[in-house]
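What follows is a set of notes on a single structure, which appears directly below.
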Amino acid sequence: MYLIGLTGGIASGKSTVARRLYEHGAVHIDADDLARRVVEPGKPALAAIAEEFGPGVLRHDGSLDRAKLGELVFGDEEARARLNAIVHPAVRELSSRLIAKAEQEDPDAVVVYDVPLLVEASVDHPFDLVVVTSAPRRTQVKRLVEERGFDPIQAEARVDAQADNAARLAIADVVIDTDGTLAHTMSQTDALWHRIEEEQAGRSVGGRS
Ligand SMILES: CC(C)(COP(=O)(O)OP(=O)(O)OC[C@H]1O[C@@H](n2cnc3c(N)ncnc32)[C@H](O)[C@@H]1O)[C@@H](O)C(=O)NCCC(=O)NCCS
Ligand SMILES: Nc1ncnc2c1ncn2[C@@H]1O[C@H](COP(=O)(O)OP(=O)(O)OP(=O)(O)O)[C@@H](O)[C@H]1O
């Protein structure tokens, strides 16, 4: 297995890069998706959230009111830390399981773990490569406002709830500049894929998998 940790700020283009790697043949595991799965009705993390933040964060059907919880935690560091303490251990456990399963199914798989909070949550899977998508704060805010309908204050609160670009760049093996055209992002991603293929070919010559 070749394990890539893919991180970057909100709306910096992680999903775009992950989708391209998936099209090349990688297995894609998305931490945002796992974070949704672990709070489905009936899961212990959802009960813990309702206990911690009150029943007002649940909808009438018992599912999580994500907008309501988002209002409570973005812009309030202490509340966010309480939420993270509930959700992150469950995501850590599930991601470990899914990465192990991908390796079991194909020992030569390239697995991309797409995780926005790799720095903040001290994710310590044994990555072969850490890839960071990087766009300036103003581009992130512009995309959130223009493409996802956030108001500017909400958009800034989301961006500021995360590590800054400098902290992410400090742990990067590869940086993908996502402030240009989509074609530029794609060509950097294709070059990354070719590099990984070459590394994998070198490993099999050397007898490792
Ligand atoms: C607060 C919640 C319910 C809001 O849900 P919502 O549907 O509005 O956003 P969604 O989950 O799709 O996240 C969108 C983006 O927000 C950012 N984000 C989400 N949670 C956090 C957080 N705790 N800290 C900083 N940024 C975050 C990420 O960039 C993520 O890609 C949700 O984000 C949540 O449960 N967050 C805690 C779990 C978590 O940390 N998830 C991130 C990856 S593990
Ligand atoms: N050069 C570029 N590279 C990547 N995305 C770009 C670029 N130019 C514009 N975009 C747009 O920016 C948005 C980036 O969203 P994407 O979902 O890939 O980011 P993300 O980092 O996965 O976000 P999130 O943290 O919310 O999961 C997309 O709508 C994409 O089309």
Side-chain angles (χ1 to χ4, degrees), residues 5-19 28-99 112-125 132-168 171 178:
L6 173 63
T7 195
I10 187 165
S12 66
K14 289 178 302 299
S15 309
T16 305
V17 168
R19 202 171 316 117
H28 178 206
I29 299 174
D30 179 355
D32 280 338
D33 180 42
L34 306 189
R36 281 187 203 102
R37 282 168 60 180
V38 301
V39 298
E40 281 168 359
K43 296 282 165 64
L46 183 60
I49 289 171
E51 173 105 345
E52 185 72 41
F53 294 93
V57 298
L58 298 182
R59 294 174 184 278
H60 290 306
D61 66 2
S63 65
L64 184 62
D65 187 335
R66 305 182 67 85
K68 187 73 70 60
L69 187 56
E71 277 166 27
L72 293 178
V73 303
F74 294 111
D76 181 345
E77 195 172 341
E78 184 268 334
R80 199 163 61 247
R82 287 190 281 129
L83 175 64
N84 290 346
I86 295 169
V87 179
H88 289 177
V91 171
R92 198 181 301 269
E93 200 267 328
L94 183 54
S95 61
S96 296
R97 235 170 347 108
L98 293 179
I99 291 168
V112 179
Y113 184 40
D114 172 352
V115 53
L117 305 181
L118 192 148
V119 171
E120 298 85 335
S122 310
V123 177
D124 59 356
H125 295 313
V132 172
T133 50
S134 175
R137 185 177 186 278
R138 64 171 182 282
T139 300
Q140 293 175 267
V141 171
K142 187 167 182 284
R143 288 177 184 163
L144 289 173
V145 171
E146 289 179 4
E147 293 169 26
R148 299 198 198 164
F150 282 69
D151 74 48
I153 303 287
Q154 271 183 326
E156 288 183 357
R158 284 268 180 152
V159 173
D160 294 339
Q162 302 188 337
D164 59 19
N165 271 327
R168 279 187 291 263
I171 56 139
T178 50

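Position 1 is the first residue of the sequence, and the numbers go up from there.
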Contact summary for L72 and A79, nearest pair of heavy atoms = O-CB, 3.8 Å
Sidechain-backbone polar pair: T178 side chain, S12 backbone, donor-acceptor under 3.5 Å = yes
Inter-residue atom distance D65.CG - E71.CD, 0.5 Å rounding = 8.0 Å
Take L98 and Y113, measure what side-chain contact (heavy atoms from CB on, under 4.5 Å) needs, and give me the verdict at the end.
-> CA-CA 10 Å; L98 293 179; Y113 184 40; over 6 Å; no
Considering only heavy atoms from C-beta outward, does the side chain of V39 approach that of I49 to under 4.5 Å?
-> yes
Answer yes or no: is there a side-chain heavy-atom contact under 4.5 Å between R66 and R36?
-> yes
Electrostatic pair D30:K14 at N-O distance under 4.0 angstrom | no
Beyond-backbone contact of L117 with V123, side-chain heavy atoms, under 4.5 angstrom | no
If only atom types and distance count, is the side chain of T139 paired as donor or acceptor with the main-chain N or O of A135 below 3.5 Å?
-> no
Do you know the tightest heavy-atom contact between P116 and D32?
-> CG-OD1, 3.5 Å
Verify, without hydrogens or angle tests, whether D114 (side chain) and T7 (backbone) share a donor-acceptor contact under 3.5 angstrom.
-> no
Under the side chain to side chain contact (heavy atoms under 4.5 Å, CB included) test, which residues partner A48, sequence neighbours left out?
-> I86
With side chains defined as the heavy atoms from C-beta onward, is the minimum distance between H28 and R19 less than 4.5 Å?
-> no
Main-chain N/O of V119 paired with R168 side-chain donor or acceptor, under 3.5 Å | no
Side chain to side chain, L144 and V159, heavy atoms closer than 4.5 Å | yes
Can any side-chain N or O of R143 pair as donor or acceptor with the backbone N or O of A11 at less than 3.5 Å?
-> yes
Give every residue pair that meets the salt bridge (charged side-chain N to carboxylate O under 4.0 Å, His left out) criterion with at least one member in residues 40-59, sequence neighbours excluded.
-> E40-K43, E52-R82
Nearest-0.5 Å distance that lies between atom CD in E120 and atom CZ in R80 = 9.0 Å
State whether the side chain of Q140 and the backbone N or O of I10 hold a donor-acceptor pair below 3.5 Å, judged by distance alone.
-> yes
Check whether any side-chain heavy atom of R97 sits under 4.5 Å from a side-chain heavy atom of E93, and report yes or no.
-> yes
Any side-chain heavy-atom pair from F74 and D160 closer than 4.5 angstrom?
-> no
Yes or no on side-chain contact (heavy atoms from CB on, under 4.5 Å) for R92 and D124, after CA distance, side-chain angles and deciding distance?
-> CA-CA 9 Å; R92 198 181 301 269; D124 59 356; 4.2 Å; yes
Is there a side-chain contact between D151 and V145 (heavy atoms, below 4.5 Å)?
-> no
One should read off an interatomic distance between L6 CG and L118 CG, to the nearest 0.5 angstrom, of 9.0 Å
